[in-house]
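Input: a single structure, listed below in structure tokens.
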Amino acid sequence: MFPYGPVANSSENTMNGYNRKVPPKRRYEMPKYAAPPKKKTCKERIPQPKNTVAMLNELRNGLIYKLESQTGPVHAPLFTISVEVDGQKYMGQGRSKKVARIEAAATALRSFIQFKDGAVLSPLKPSGNLDFTSDEHLENDREKFKHVSKSAITVDGQKKVPDKGPVMLLYELYNDVNFECINIDSAQNNCRFKMTVTINEKKFDGTGPSKKLAKNAAAKAALASLCNISYSPMVVPQKNVPLPIDDKSSSMELPQIHADAIGRLVLEKFMEVIKGQEAYSRRKVLAGIVMTENMNFFEAKVISVSTGTKCVSGEHMSVNGAVLNDSHAEIVSRRCLLKFLYAQLDLQCNQATAYQSIFVRNTDGQYPYKLKSGVHFHLYINTAPCGDARIFSPHENDTGVDKHPNRKARGQLRTKIESGEGTIPVKSSDGIQTWDGVLQGQRLLTMSCSDKIARWNIVGIQGSLLSSIIEPVYLHSIVLGSLLHPEHMYRAVCGRIEKSIQGLPPPYHLNKPRLALVTSAEPRNQAKAPNFGINWTIGDVELEVVNSLTGRTIGGQVSRITKQAFFDKYGFLMKNLPGILKRSVTTDYGQTKANVKDYQIAKIELFSAFKREDLGSWLKKPIEQDEFVLNE
């Protein structure tokens with residue numbers, strides 16, 4: 001019997017009765033100290049010529065090639081591709097997209113480059129003899145390329161988010177870039193890192209929960225200041241998805257350097273006024289209002305700073321306007337602004353100080369006074385306002401279109417919860433609020449901050465009392481520290497009623513504030529919200545700490561920004577301000593507000609617009625709160 005395999009340790013195999021010798025395997029033994037094998041190299045490497053697309057990209061960075069048309073039969077198509085260089089469009093055709101792209105680049109190059117012997121490039125000039133052997137023209141063109149790269153990146157006339165990350169782009173544009181981690185600022189924003197980048201002896205700061213994010217923020221700040229390049233969500237993204245904002249609101253983006261200046265000013269002022277009372281520095285929401293004249297941010301003034309996230313408990317309601325109903329930070333900052341406006345009108349009571357006021361006499365209108373030309377107010381909030389602007393934003397980090405724009409929940413009026421956080425739709429509330437109902441345990445509800453900001457964009461931020469003295473005052477911009485989703489924010493503050501609002505008495509109108517997000521976005525704060533809030537207005541010696549649940553100061557005193565305080569100031573102005581026809585105030589607080597006819601017409605029209613859009617009914621506080629009169 002023949003074996004099925006080779007015999008062990010044998011060099012012969014037996015197969016079909018024949019003996020066949022198997023040749024021994026060749027083994028290559030490496031010398032003990034053998035040199036590594038040498039790589040084969042060509043005697044001389046011939047440089048490959050660059051195609052026109054590569055040559056054009058060296059001179060103009062960030063070009064976009066667009067397919068204009070495709071003609072001809074399927075088996076032999078003819079492509080037409082365009083490229084825009086310095087505002088001029090150049091076309092190229094070819095049997096493939098690659099060839100058409102090369103032809104378009106060649107057409108663009110011929111407009112400002114002359115080919116000599118097919119190799120050397122020289123820019124065309126109207127006069128003078130050119131030295132085609134010199135490289136000077138190439139250096140000049142590189143400088144021009146760098147200048148073009150550092151300008152705002154646009155697509156079809158609209159800004160777009162750059163392809164590259166901010167740090168990478170910064171290193172490409174500048175040679176001398178130095179990052180340095182300055183310190184960890186634990187008091188300001190939850191142990192965040194602070195990074196400083198120095199470029200040409202100019203310093204730009206960025207903060208974040210990690211060094212990487214802080215570095216990105218610093219690079220974004222530098223690019224915004226030096227190159228007008230923005231990574232804001234308000235900018236058109238690279239994807240073929242337009243902003244969810246129509247053409248009328250495409251100019252709603254506030255320049256990034258202005259947004260960063262507003263956020264920085266408010267944060268610095270907060271750190272300044274909180275010194276000595278660090279026990280009250282704990283906060284979840286920080287807000288402030290900045291005033292500029294002729295958009296000069298070098299001389300901008302912080303008008304107010306505030307913190308807070310809660311509302312008064314129903315058992316602490318006041319019948320004489322002595323408590324703060326709503327202690328949310330942005331609402332308190334606006335009340336601080338009212339205090340400032342009253343102080344500015346006080347200056348008009350004395351002829352010697354009238355020139356210092358931001359108000360001037362209005363000789364051609366029904367209102368005795370109006371703001372000076374060029375005065376603007378900017379609201380900063382470290383997160384999206386509660387309600388419609390915030391509720392959907394955390395779930396949509398991208399800045400694309402709203403995937404569910406027609407859902408019933410979009411744009412609904414919402415109310416804050418008594419003594420707590422969060423909002424609920426008004427349709428799930430109990431309707432009209434009564435004084436005795438609240439005292440017996442019914443929850444006291446307050447309209448959300450998103451809804452109140454939408455109201456300010458119709459009736460103004462000056463309130464009903466001052467509307468009998470001055471023209472409406474509107475916010476110029478709203479800057480957020482986090483959670484800015486362009487579509488949700490725009491809808492919340494003005495977009496949801498822009499189609500239904502009508503019949504507003506001039507000069508009342510639908511205001512569309514510019515929107516922006518700071519480069520150093522604040523991280524989510526998971527700490528429990530405190531039951532207090534602080535407020536400070538320009539001119540105050542020290543900040544005021546208010547117990548949000550009682551609506552009074554922590555010492556049990558009446559706050560300086562209550563209804564009662566403003567009604568007293570209003571009574572003083574009516575007696576002493578020049579140009580006022582009716583001097584006496586004989587009605588209670590609620591009736592005095594109702595007598596300001598145009599303001600009430602605008603407010604009623606606002607409520608009707610919400611109803612026409614099926615967004616719910618505005619919920620009012622018990623009327624007993626406003627039935628108090630001036631102090632004698």
Side-chain angles (χ1 to χ4, degrees), residues 310-328 331-332 334-336 338-339 341-342 413 415-416 418-419 426 429-447 451-452 455-456 459-469 546-553 556-575 580 582-608 617-632:
K310 296 188 177 181
C311 297
V312 69
S313 175
E315 64 190 80
H316 294 289
M317 289 190 305
S318 172
V319 292
N320 55 7
V323 303
L324 285 179
N325 290 324
D326 191 341
S327 290
H328 281 231
I331 308 305
V332 174
R334 179 255 177 182
R335 297 196 69 82
C336 291
L338 287 182
K339 181 170 174 281
L341 297 182
Y342 276 108
L413 291 173
T415 61
K416 304 166 187 173
E418 175 188 322
S419 305
V426 292
S429 64
D430 300 327
I432 299 175
Q433 302 186 95
T434 61
W435 185 271
D436 48 353
V438 172
L439 291 181
Q440 290 177 6
Q442 184 182 13
R443 290 185 302 178
L444 179 64
L445 302 177
T446 304
M447 298 304 295
D451 300 333
K452 289 189 175 184
R455 173 173 171 162
W456 300 344
V459 300
I461 54 177
Q462 75 288 337
S464 55
L465 292 181
L466 284 181
S467 296
S468 64
I469 302 175
V546 175
N547 184 328
S548 303
L549 304 184
T550 64
R552 294 176 179 267
T553 67
Q557 304 299 314
V558 177
S559 171
R560 54 198 179 193
I561 54 174
T562 57
K563 296 178 181 180
Q564 182 186 97
F566 290 155
F567 199 26
D568 290 341
K569 293 177 184 295
Y570 177 75
F572 175 83
L573 288 178
M574 297 301 287
K575 290 180 180 179
I580 301 298
K582 187 179 179 181
R583 293 290 180 181
S584 60
V585 180
T586 58
T587 54
D588 62 28
Y589 178 78
Q591 189 57 48
T592 304
K593 293 200 302 181
N595 290 339
V596 187
K597 298 301 181 184
D598 283 354
Y599 182 93
Q600 296 301 325
I601 292 173
K603 185 176 72 172
I604 292 171
E605 177 50 40
L606 167 71
F607 297 164
S608 300
S617 300
W618 195 276
L619 201 60
K620 299 179 181 180
K621 291 285 195 307
I623 59 174
E624 288 83 358
Q625 280 199 345
D626 294 342
E627 294 178 342
F628 62 93
V629 296
L630 280 174
N631 293 323
E632 293 296 334

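Please read all numbers here as calculations on a predicted model, not as lab measurements.
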Do [X] and [Y] touch side chain to side chain, with heavy atoms closer than 4.5 Å?
X	Y	result
K593	L465	yes
N325	K563	yes
L413	S617	no
L324	T562	yes
R334	L338	yes
M447	L619	yes
L466	F566	no
Y589	N320	no

Quick one: pull up [atom1] in [X] and [atom2] in [Y] and give me the separation to the nearest 0.5 Å.
X	Y	atom1	atom2	result
N547	S313	CG	OG	10.0 Å
K416	L444	NZ	CG	11.5 Å
K339	K569	NZ	NZ	6.0 Å
D451	T446	CG	OG1	11.5 Å
Q564	S318	CD	OG	7.0 Å
F607	R455	CZ	CZ	4.5 Å

Keeping the roles fixed (side chain from [X], backbone from [Y]), state whether a donor-acceptor pair exists under 3.5 Å.
X	Y	value
R583	M574	yes
Q433	L445	yes
Q625	W435	no
E624	K621	no

Minimum heavy-atom separation for [X] to [Y], with atom names?
X	Y	answer
G571	L630	CA-CD1, 4.0 Å
K310	L549	CD-CD2, 4.3 Å
Y599	S467	CD1-OG, 3.1 Å
V438	P622	CG2-CG, 4.4 Å
V558	A322	CG1-O, 3.7 Å
S559	V546	OG-CG2, 4.2 Å

Open item on the list: Please verify the inter-ring angle class for F567 with F628; under 30° counts as parallel, over 60° as perpendicular, anything in between as tilted.
Closed with: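 Plane angle over 60°, so perpendicular.
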Practice problem: Using the side chain to side chain donor-acceptor pair (under 3.5 Å) rule, pick out the option among D588, T587, N595 that qualifies with Q591. | Solution: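 Among D588, T587, N595, the one that satisfies the side chain to side chain donor-acceptor pair (under 3.5 Å) with Q591 is N595.
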Check against side-chain contact (heavy atoms from CB on, under 4.5 Å), R335 and D326:
CA-CA 10 Å; R335 297 196 69 82; D326 191 341; over 6 Å; no
Item to complete: For the pair K603 and Q600, evaluate side chain to side chain donor-acceptor pair (under 3.5 Å) and give the outcome as yes or no after the intermediate values.
Response: CA-CA 5 Å; K603 185 176 72 172; Q600 296 301 325; 3.2 Å; yes
